[in-house]
There are 2 protein chains.
Amino acid sequence: MSNTPHLKPLRTLCSSCSLRELCLPVGLNRDEVEQLDAVIRQSRVVKRGEYLYRSGEEFKSLYAIRTGFLKACVSSQDGREQVTGFYMSGDLVGLDGISSNHHGCDAIALEDSEVCELPFARLEEIGRVIPSLQTHFYRLMSREIVRDQGVMLLLGNMKAEERLAAFLLNISQRLYSRGFAANDFVLRMTREEIGSYLGLKLETVSRTLSKFQNDGWIEVNHKHIKLLKPKELKELVSGCAHQI
Amino acid sequence: MSNTPHLKPLRTLCSSCSLRELCLPVGLNRDEVEQLDAVIRQSRVVKRGEYLYRSGEEFKSLYAIRTGFLKACVSSQDGREQVTGFYMSGDLVGLDGISSNHHGCDAIALEDSEVCELPFARLEEIGRVIPSLQTHFYRLMSREIVRDQGVMLLLGNMKAEERLAAFLLNISQRLYSRGFAANDFVLRMTREEIGSYLGLKLETVSRTLSKFQNDGWIEVNHKHIKLLKPKELKELVSGCAHQI
DNA sequence: CGGGTCTTTGAAGATAGTCAATTTAGGTGG
DNA sequence: CCACCTAAATTGACTATCTTCAAAGACCCG
């Protein structure tokens, strides 16, 4: 789509990235961000449907998402698939690969995406030199653990309607914090992928969305969702200690 | 129970700890373990039913479990409780607190336990000095993420029997790797706590255990469990990519 | 514009949850 | 050390929720 030809592949820099306040550079000063710039190997484009990495592949790098939307999923031998997360700009993916030096899940683009490759070994090195980066990185890993615990609460305790309400609010809040409209957005994933993430069948997801629409809480136009009564959705999930 | 009076509280050292090969010191040389020893503030006893920490409390330390058994759980405002994990000797708890400087869940002893307190700030410091400790620590955090993903797969995709089989095998394997019998053990948690962890009601847990017993796969005597046909249990959960 | 994917909706069926009654175990205190 | 008492576990009957199976309709990309 771009009309701007360029001779070299575009070099992406944290220091000039609009995601500075969301992504890894949070809390770093100018010098530190420049050191971080030196770590980024390159930015990489992943087309819709393509794998960023596959389960079992050797783990070398984390990826910071610049633009686009990805899902992570673990697949079982007999074909069952569990979506473990959806990731958007500013999110960091691949943290599960550190433990065994092999990726533990697949990462698949749900729309054309661009990611920054961060070789983990280099990240470790500069973490030792920039304590604030290291601290921030520990926090990011811990945040992933907290997020997963929230999903466990959702999967273990909540009914279909509560799960879907929590899901919609979570997407809404994340888009909002990235400067998009909170109550009017387009889902990038299928009903089946939502269902997999929420531990529901796609028919249940569809039915529940229809019910919310009939109640006047949301407006559904295929993947285009409008939250008409976010407050009611929040009340539905309230009682759950953590949002996902 | 101890007949050995001592004037000072017992100082516990990694270098003389029988859990060296399971716990944080994995892969460290003698010098490095001694540096780690200097970090441990003290060992602390948590009686059955007591809290090691509570959700919302300020996060200062991680805890390595020396002896005993704990559960971690997130509680919701309306009283719903989700057990997010069971922890035994050599396990590290509290990782979820790093992200916000506040503990995100409760940690409660299911039997009298002894833990080593590891002030996180000091752990960060020596991580910068001992790269292998830092790498190992990243791995531990990542392992927690992988574990949580396994639980998500379990909660999202598996039926009651599969969940319980996976649970029994997980406990079995973890006890085995600590030198205990794999097929003959005592559960430290109630049916309700198992159910909370697995996203099932306690009655379902009880019924499913009874069914396994009727099938001759296990022998149940209250909390005492014998696995008679672990192979059949494994076949039941096979197809799931990751054990929890 | 057309084929395949995605979605919606209905009806029937299965799994797990709820409610309830009984039994058992294990800790506490005398 | 024993007896009591409370908490935990088992089991049954019924119900709710979600899944499964099925068919039809809508969209979107090439």
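This one's a predicted model, so the numbers in the text were calculated from it and none came from an experiment. Protein chains get the first letters and strands the later ones, always in sequence-line order, with residue 1 at the start of each.
- Atom CD of A:Glu161 is separated from atom C1' of D:dC18 by 12 Å (rounded to the nearest Å).
- Rounded to whole Å, the distance from CG on B:Asp112 to P on C:dG27 is 11 Å.
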(request) List the steps and the verdict of ring-ring contact (aromatic ring centres under 6.0 Å, His included) for A:Phe69 and A:Tyr87. (result) CA-CA 6 Å; A:Phe69 203 90; A:Tyr87 298 93; 8.8 Å; no
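- Contact check for A:Arg44 versus A:Glu114: no side-chain heavy atoms found under the 4.5 Å cut-off.
- A close approach under 4.0 Å does occur between a side-chain nitrogen or oxygen of B:Lys201 and OP1 or OP2 of C:dT18.
- For the pair B:His222 and C:dA25, the criterion of a side-chain N or O lying under 4.0 Å from OP1 or OP2 is met.
- Within a 6.0 Å radius of CD in A:Glu192, other residues, nucleotides and ligands contribute 12 heavy atoms or fewer.
- Rounded to the nearest 0.5 angstrom, B:Met189 CE and B:Ser196 OG are separated by 11.0 Å.
- A:Leu168 is listed as a side-chain neighbour of A:Leu209, based on a closest heavy-atom distance under 4.5 Å.
- Among the heavy atoms of the strands lying under 4.0 Å from B:Gly199 are primed sugar atoms or P, OP1, OP2 only; no base atom is included.
- C:dG10 atom C1' lies 18 Å from atom NZ of A:Lys211, rounded to whole Å.
- Taking 4.5 Å as the limit, every side-chain heavy atom of B:Arg54 sits out of range of all side-chain heavy atoms of B:His103.
- Here the P atom of nucleotide C:dA16 and the CG atom of A:Leu155 are 15 Å apart, to the nearest Å.
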Can you give me the N/O atom pairs linking the protein to nucleotides 11-13 of chain D at distances under 3.5 Å, or say none if there are none?
from	atom 1	to	atom 2	distance (Å)
D:dT11	OP2	B:Ser210	OG	2.7
D:dG12	N7	B:Arg207	NH1	2.9
D:dG12	O6	B:Arg207	NH2	3.3
D:dA13	N6	B:Arg207	NH2	3.4

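- Atom pair B:Leu187:CG and C:dA25:P shows a separation of 16 Å (rounding to whole Å applied).
- With rounding to whole Å, B:Leu209 atom CG is found 7 Å from D:dT10 atom P.
- Atom CG of B:Leu200 is separated from atom P of C:dT15 by 14 Å (rounded to the nearest Å).
- Two residues, B:Met189 and A:Arg48, neighbour DNA chain D, and the one matched to the more 5' nucleotide by heavy-atom proximity is B:Met189.
- At C:dT7, one or more side-chain N or O atoms of A:Arg191 fall inside 4.0 Å of OP1 or OP2 (strictly under the cut-off).
- Both B:Ala160 and B:Lys223 sit near DNA chain C, but only B:Ala160 has its closest nucleotide nearer the 5' end.
- Heavy-atom minimum distance, A:Ser172 versus A:Asn183: OG-OD1, 4.2 Å.
- Look at CG on A:Asn157: it is 16 Å from C1' on D:dT17, rounded to the nearest Å.
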